[in-house]
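Working notes, structure below.
Throughout, a chain's letter reflects where its sequence line sits, starting with A, and its residues are numbered from 1. Since the structure is predicted, the reported quantities are computational estimates derived from the model, not experimental observations.
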2 protein chains.
Amino acid sequence: MTGRLAIVGLGPGAAELITPLAAETLASATDLIGYAPYLARVPERAGQRRYGSDNREELVRARQALGLAVSGKFVAVVSSGDPGVFAMASAVFEAMETGNSSWKDIEVTVVPGVSAMLVAAARVGAPLGHDFCVISLSDNLKPWHLVLRRLEAAAAGDFVIVLYNPSSNARPWQLGDALRLIARHRASATPVIFAHAVSQKDERIDITTLRDADPVNADMRTLIIIGSSATRLVICGKDRRIVYTPRHAELVEP
Amino acid sequence: MTGRLAIVGLGPGAAELITPLAAETLASATDLIGYAPYLARVPERAGQRRYGSDNREELVRARQALGLAVSGKFVAVVSSGDPGVFAMASAVFEAMETGNSSWKDIEVTVVPGVSAMLVAAARVGAPLGHDFCVISLSDNLKPWHLVLRRLEAAAAGDFVIVLYNPSSNARPWQLGDALRLIARHRASATPVIFAHAVSQKDERIDITTLRDADPVNADMRTLIIIGSSATRLVICGKDRRIVYTPRHAELVEP
């Protein structure tokens, strides 16, 4: 009596960014599992069971979800943003691959969502309008040397760079190191965006430069976008600032 | 009598992936502008004017949209996927920066959408579950040497790589060169996904490997995802194949 499991992207926060497919999947599920603040965004439905958890227990949560699905439930694992980008989908597939063999028979689907980086970019213009890299700065699950190697590669390739998980109480110095590394490759006037809690009540978007970017202004809910050599800051109207990366590009010597 | 302009992401095709904010913005606009096949996805509303165009006229279309907005209209520029990723948003801001100075007073907003890469990834599992790069293979607006440099950097950084615009009649050999370059850095069994027309009627998703990837199977509507050294192909149930990149990673020598 194997059930189903859907890993559902809620988008970054606002209800107006949840797709109809995600809303419908959440409404159909018998059981919802997720980090408690994400679960709280989903409308209550009578008869539906909810399992809220701590943010750090991704694999535990994934196993719990698979266990419920194998018993016949239709389980929705809720994820902020898109579930495939530094979120729950990888954890579920890892649990599936390494866990009970019966879990491999569960029908698992991923319901995509609007990822936070797309909303952060939209708020300031179109900084991701050309080739870009997306890097998690967290060294909880990968060695810091790999992060450094990827930052070097992204800088060498003159990519726009999106940083997820830039800072936390347990990882206070990594963002400063990352910004200094990139500043060795790029002009100090390169636009940098600190996007805090995008599309949520306490959203705050700051446009700064590589010279003035202060790591203290970032935490686990901040997403950072660093321009390439082509990224432009344009002043429009009364002090409105737009950041965009043009569609055309030239080869700039590193 | 300056109007407004919204650059709206329709998602990759299916109506169930259009956000409520996008649907509402499209319904409120007085004038819709876009590539004709994208415009055709938007429900008709009486009194609304529509301007369909060819796909190559991005800057012309952007200027037309700004011209209408400055005359007092509420213009929606429609874009497939997310408007900020290799789509219309950059063209609009470029037109705004370089065009008539009155255009800078127009209130321009970007309404994000689910980008095609997120849906392509969702179809096969979670290949974008760890650090990744997004590169347009088109050398219409950038020198091929810059594309090569970015591919080299992405390979050196062991990033998962997403390729937009991999191939067209006018650009038949670039994808083969790109795949050969990456094959010099990665195992021949590395998973490669060819995602054609995601979430549209003729969607076709092929999972292959770097060894067997055939450029002939790609065109302008194909998106390609190439795994990192960590990306895994897992066989589940009856010949169902899942591709995911684990949340943890090790430093692999290039």
Is [X] in contact with chain A via its backbone, its side chain, both, or neither, using a 4.5 Å heavy-atom distance?
{"X": "B/I106", "answer": "backbone"}
{"X": "B/R123", "answer": "neither"}
{"X": "B/S138", "answer": "neither"}
{"X": "B/Y244", "answer": "side chain"}
{"X": "B/M88", "answer": "neither"}
{"X": "B/A121", "answer": "neither"}
{"X": "B/T245", "answer": "backbone"}

Residue from B/L21, B/T109, B/V111, B/V124 scoring the most non-hydrogen pairs under 4.5 Å with chain A is B/L21
If you tally heavy-atom pairs under 4.5 Å between each of B/E152, B/E24, B/M96 and chain A, the highest tally belongs to B/M96
Based on non-hydrogen pairs under 4.5 Å, which of [options] is most in contact with chain B?
{"options": "A/V85, A/L59, A/L118", "result": "A/L118"}
{"options": "A/I7, A/V162, A/N140, A/V114", "result": "A/V114"}
{"options": "A/D158, A/V160, A/V108, A/L151", "result": "A/D158"}
{"options": "A/P143, A/A22, A/A89", "result": "A/P143"}
{"options": "A/P127, A/A23, A/A91, A/A154", "result": "A/A91"}
{"options": "A/A87, A/A153, A/A249", "result": "A/A249"}

Using side-chain heavy atoms (C-beta onward) and a distance below 4.5 Å, is [X] in contact with [Y]?
{"X": "B/C133", "Y": "A/C133", "value": "yes"}
{"X": "A/K142", "Y": "B/D131", "value": "yes"}
{"X": "B/I135", "Y": "A/F159", "value": "yes"}

Rounded to the nearest 0.5 angstrom, the CZ-CD distance for A/R247 and B/E94 is 4.5 Å
Interatomic distance, NE2@A/H130 vs CG@B/L141, rounded to 0.5 Å, equals 7.0 Å
Quiz item: Under 3.5 Å, side chain of B/R240 to main-chain N/O of A/D105, donor-acceptor pair present?
Solution: no
**Report entry** Backbone of B/G157 reached by a side-chain donor or acceptor of A/R150 within 3.5 Å
**Finding:** yes
Taking a cut-off of under 4.5 angstrom between non-hydrogen atoms, the residues of residues 224-235 of chain A near chain B are A/R232, A/V234, A/I235
For residues 10-17 of chain B against chain A, heavy atoms under 4.5 Å, the residues are B/A15, B/E16, B/L17
Okay, A/I18 and chain B: the region with an atom under 4.5 Å from a heavy atom over there is backbone
Turns out that what part of A/S115 lies under 4.5 Å from chain B's heavy atoms comes down to both
